[in-house]
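Heads up: the structure comes next, in structure tokens.
The sequence lines fix the lettering, A, B, ..., with proteins before strands; numbering per chain opens at 1.
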Amino acid sequence: MSDLKRTLGEAVEAAFAAEGVPAELARVTASDRPDLADFQSNGALAAAKRLGRNPREIATAVAGRLKDDARLSSVEIAGPGFLNLKVADTALAARADQIAADPRAGAEAAAAPRRVLVDYGGPNVAKPMHVGHLRASIIGESVKRLYRFRGDEVVGDAHFGDWGYQMGLLIGAVCDENPDIAALVGTLNDKDAPIPAAFERVTLADLDRLYPMASARGKEDPTYRDRARKLTADLQAHHPGCYVLWRQFRAVTQVALARDFHALGVDFDWWKGESDVDHLIPEMIADLDAKGLLVDDQGARIVRVAREGDKRELPPLLVVSSEGSAMYGTTDLATILDRKRAFDPHLVIYCVDQRQADHFEIVFRAAYLAGYAAEGQLEHIGFGTMNGTDGKPFKTREGGVLKLADLIETTRAKARERLREAGLGEDLPPEEFEDIAGKVAVAALKFADLSNFRGTSYVFDLDRFTSFEGKTGPYLLYQAVRVKSLLRRALAEGAEPGPVAVTEAAERDLVLTLDAFDGALAEAYDKKAPNALAEHAYRLSQAFSKFYAACPIMSAEPELRASRLTLAGAALRQLELALDLLGVATPERM
RNA sequence: GCGCCCGUAGCUCAACCGGAUAGAGCAUCCGCCUUCUAAGCGGACGGUUGCAGGUUCGAGUCCUGCCGGGCGCGCCA
């Protein structure tokens, strides 16, 4: 059940081969000139270059072999040797019937499923989530869903930072404020003991409030900093009081993070953190040492990762600091080892800010050297930063960082306002209205992000994102909801879908767009670039909207109505599927 | 200083191993609701793809240099 692009591609390949031209050049793509054709192949041009032959001659010969293909209504040669293919309406109708009957809406599954782990790059315990965390979660979630849908076994790991200096700072700050907690920290003797009631009173709001203060004071006050470092070391040595208090920090943070992320339609399979691999570090260091990879340098222990042909000298991986402690990269390397044992992934995708590209290159090289992963199994997909409309990293109007939860609420409020303005959902129960506003808000935020290529930075413009007109998430939801409304009415009137017939231009375009789904998915999958899928979802919505405007459905004659209901149903299924892969949920009505 | 990324319409962004006339949305202007949701549809306007060379039948895409912007460069994570 392949798409037209592929099946026609196979036909053109066969024709190329029969003409003694390398078949791999016969790539068929959607036409650049929809006025002339549905699909094109530029292969004759490439072949002519390689074989030293005339491109038009090759194209003419190939076209002669395709003339009798019943799926094609015309085969023409244009320009220097473009092969222009137009698909017969009957073939389009047949393909539409296929897509309509397919639960996967015309999408193929991966031929060889792999085990894939998606690392979301880790929010930190106690550091509030801000808009900078938005991209990692939005892109990571989409990549996870995309890989899972294509058939891979996928695990998404939050991988949050829960084991560093910020924990020592917080332990100190909480103890300073609560003498009873400080006393308990001194007396507890079992790190696995139930969390005492006094500790359970510590909330995320407390951590949010204390962390900036403690962090600032640690920078100014060496005594304060030294105590925080000592507490960090105590925690890492599993000092019972510190450890139990830390468990409380971790628990309240995880609950809040899970809630905030869930509101965004982002859910993790694993809640692993840096602390989970701490126990592996001594063993790993011994292993690196035994493999002769560890080198003493300036009092620290490092792994050199420079390679011949590097354009510059890459810094080494710092495994043990001169103070004897594990570093950022140490934990990342241990995590690779841990994942190999727990899951043995074929591919690990790190969805992290582009600024950390060098860091990951260093860690990956060290992992390859140590044999914790095979070359190429670790991949960092970087993304650009979110800037404000002034081009600088995003700040609120007051100049502070915008918390993720506040951003979601702001967008949701805008969604409510716009829904009311448009008179949408006004007769619905309050809970459903609120649910719709939430979905509209998430769609707006996610689609705005995912329609950009992840590698580039983009401007975060709240006003534009909440305008909800044109190429936006809410537009996509609106189209989906219009189809749902239509299908409900058809059901109520007893109108049944039936075989597709393609006659109108809008119908042709809709079917061709439906057919392009698998290609968009494949591109998004191969490049780890959800914007290809976002683009398809938009085109599909547009194609549907034009069809909806041009082709009356319920008032059409029964056979035509049945055909159009099938098209509408297929469009809806594919659109909802695409939206789901982008991490966007669709309401039933609005 | 070295390295990485980016520069496309007034603004925000696309562009399928190099292909035909570089596409969308916003903004501006003009049309379309007594028929399935107008957050919609149709149309107009808008480009020397930062600059200069090179490779190629063909370059936004590849190569070189320059200009402009962002980011990174061992004991934070």
Quiz item: Rounded to whole angstrom units, what separation is found between the CD1 atom of A:Ile362 and the P atom of B:rC4?
Solution: 14 Å
Self-check item: Nearest-angstrom distance, P atom, B:rU12 to B:rG3
Solution: 30 Å
Quiz item: Reckon A:Glu421 touches a base, only the sugar-phosphate, or nothing at all at heavy-atom distances under 4.0 Å?
Solution: nothing
Quiz prompt | Proximal nucleotide (of B:rA27, B:rU12, B:rU37) relative to the A:Arg464 side chain | solution = B:rU12
Quiz prompt | Interatomic distance where CZ belongs to A:Arg301 and C1' belongs to B:rG74 [whole Å] | solution = 16 Å
Quiz item: With a non-hydrogen cut-off below 4.0 angstrom, is A:Gln479 in contact with a base, only sugar-phosphate, or nothing?
Solution: sugar-phosphate
Quiz item: If only side-chain N and O atoms of A:Tyr548 are considered, is one of them under 4.0 Å from the OP1 or OP2 phosphate oxygen of B:rU37?
Solution: yes
Quiz item: Rounding to the closest angstrom, what is the interatomic distance between B:rC51 and B:rG68 at atom C1'?
Solution: 10 Å
Exercise. Return the nearest nucleotide to the side chain of A:Tyr475; candidates are B:rC41, B:rG3, B:rC17.
Key: B:rC41
Practice problem: Tell me whether the OP1 or OP2 atom of B:rC5 has a side-chain N or O from A:Tyr458 closer than 4.0 Å. | Solution: no
Self-check item: Any N/O donor-acceptor pair, A:Asp461 side-chain to B:rC13 base, under 3.5 Å
Solution: no
Quiz item: Is there a donor on the side chain of A:Gln354 or the base of B:rG72 sitting less than 3.5 Å from an acceptor on the other?
Solution: no
Quiz item: Does the distance from a Lys or Arg side-chain N to an Asp or Glu carboxylate O, for A:Glu10 and A:Arg6, drop under 4.0 Å?
Solution: no
Quiz item: To the nearest Å, how far apart are A:Glu361 CD and B:rG3 P?
Solution: 16 Å
Quiz item: Would A:Glu493 and A:Arg489 pass as an ion pair if we require N to O under 4.0 Å?
Solution: yes
Quiz item: Salt bridge or not for A:Asp449 and A:Arg454, using N-O below 4.0 Å?
Solution: no
Quiz item: Is A:Asp332 side chain donor-acceptor paired with the B:rA77 base, going by distance under 3.5 Å alone?
Solution: no
Self-check item: Whole-Å gap separating C1' (B:rG40) and CE (A:Met590)
Solution: 12 Å
Quiz prompt | Euclidean distance, A:Glu469 CD relative to A:Tyr478 OH, rounded to 0.5 Å | solution = 11.0 Å
Practice problem: Give one of base, sugar-phosphate or nothing for A:Asp297, where a contact means two heavy atoms less than 4.0 Å apart. | Solution: base
Quiz item: Is A:Arg412 salt-bridged to A:Glu417, going by a charged N under 4.0 Å from an acidic O?
Solution: no
Quiz item: Counting just side-chain N and O atoms, does A:Gln542 come under 4.0 Å of either OP1 or OP2 of B:rG40?
Solution: no
Self-check item: Per A:Arg355 side chain, nearest of listed nucleotides B:rC16, B:rU37, B:rC71
Solution: B:rC71
Quiz item: Ignoring hydrogens and angles, does a donor from either the side chain of A:Asn42 or the base of B:rG18 sit under 3.5 Å from an acceptor on the other?
Solution: no
Quiz item: Using a cut-off of 4.0 Å on non-hydrogen atoms, how would the nucleic acid contact of A:Met554 be classed: base, sugar-phosphate, or nothing?
Solution: base
Quiz item: Which nucleotide in the set B:rG74, B:rG19, B:rC75 lies at the smallest distance from any side-chain heavy atom of A:Asp32?
Solution: B:rG19
Quiz item: Does A:Lys484 come within less than 4.0 Å of A:Glu576, counting only side-chain N to carboxylate O?
Solution: yes
Exercise. Find which nucleotide of RNA chain B each of A:Arg304 and A:Cys551 is nearest to by heavy atoms, and output the residue with the more 5' nucleotide.
Key: A:Cys551
Quiz item: Given B:rC17, B:rC36, B:rA20, which nucleotide is nearest the side-chain atoms of A:Ala78?
Solution: B:rA20
Quiz item: Below 3.5 Å, does any donor atom in the side chain of A:Glu535 face an acceptor in the base of B:rA15, or the other way round?
Solution: no
Quiz item: Across the strands shown, which category fits A:Arg27 at heavy-atom distances under 4.0 angstrom: base, sugar-phosphate, nothing?
Solution: base
Quiz item: Would you call A:Lys439 and A:Asp435 a salt bridge, taking side-chain N to carboxylate O under 4.0 Å as the test?
Solution: yes
Practice problem: Can you tell me the pairing partner of B:rG72 across any strand shown, Watson-Crick or G-U wobble, with both distances under 3.5 angstrom? | Solution: B:rC2
Quiz item: With centres under 5.5 Å and planes under 30°, do A:Phe82 and B:rA20 count as stacked?
Solution: yes
Quiz item: Would you say the side chain of A:Lys49 and the base of B:rG19 hold a donor-acceptor pair, judged only by whether the two atoms sit under 3.5 Å apart?
Solution: no
Exercise. Spell out yes or no: do the side chain of A:Ser322 and the base of B:rC75 have one donor N/O and one acceptor N/O closer than 3.5 Å?
Key: yes
Quiz item: From B:rC36, B:rC17, B:rA20, pick the nucleotide closest to the side chain of A:Asn84?
Solution: B:rA20
Quiz prompt | Nearest-nucleotide pick for A:Lys471, side chain only, options being B:rU37, B:rA24, B:rC6 | solution = B:rA24
Quiz item: For A:Ile302, which contact category applies under a 4.0 Å heavy-atom criterion: base, sugar-phosphate, or nothing?
Solution: base
Exercise. Look at all strands and tell whether A:Val320 reaches a base, only sugar-phosphate, or nothing, counting heavy atoms closer than 4.0 Å.
Key: nothing
Quiz item: Taking for each residue the nucleotide of RNA chain B bearing the nearest heavy atom, is the 5' side occupied by A:Ser451 or by A:Lys527?
Solution: A:Ser451
Quiz item: Among the nucleotides B:rG42, B:rG40, B:rA24, which one has an atom lying closest to any side-chain atom of A:Tyr538?
Solution: B:rA24
Practice problem: Looking only at side-chain atoms of A:Val459, point me to the closest of B:rC41, B:rC13, B:rC75. | Solution: B:rC13
Practice problem: Could you check which nucleotide pairs with B:rG7 in any of the strands shown, counting Watson-Crick or G-U wobble with both distances under 3.5 Å? | Solution: B:rC67
Quiz item: Pick one for B:rC33: is it syn, with its angle within 90° of 0, or anti?
Solution: syn
Practice problem: Could you please name the option among B:rC36, B:rA38, B:rC6 that lies closest to any side-chain atom of A:Pro552? | Solution: B:rC36
Practice problem: Looking at every strand, decide which applies to A:Ser485 at a 4.0 Å heavy-atom threshold: base, sugar-phosphate, or nothing. | Solution: base
Practice problem: Please determine if A:Glu24 and A:Arg50 form a salt bridge, counting it only when a charged side-chain N lies under 4.0 Å from a carboxylate O. | Solution: yes
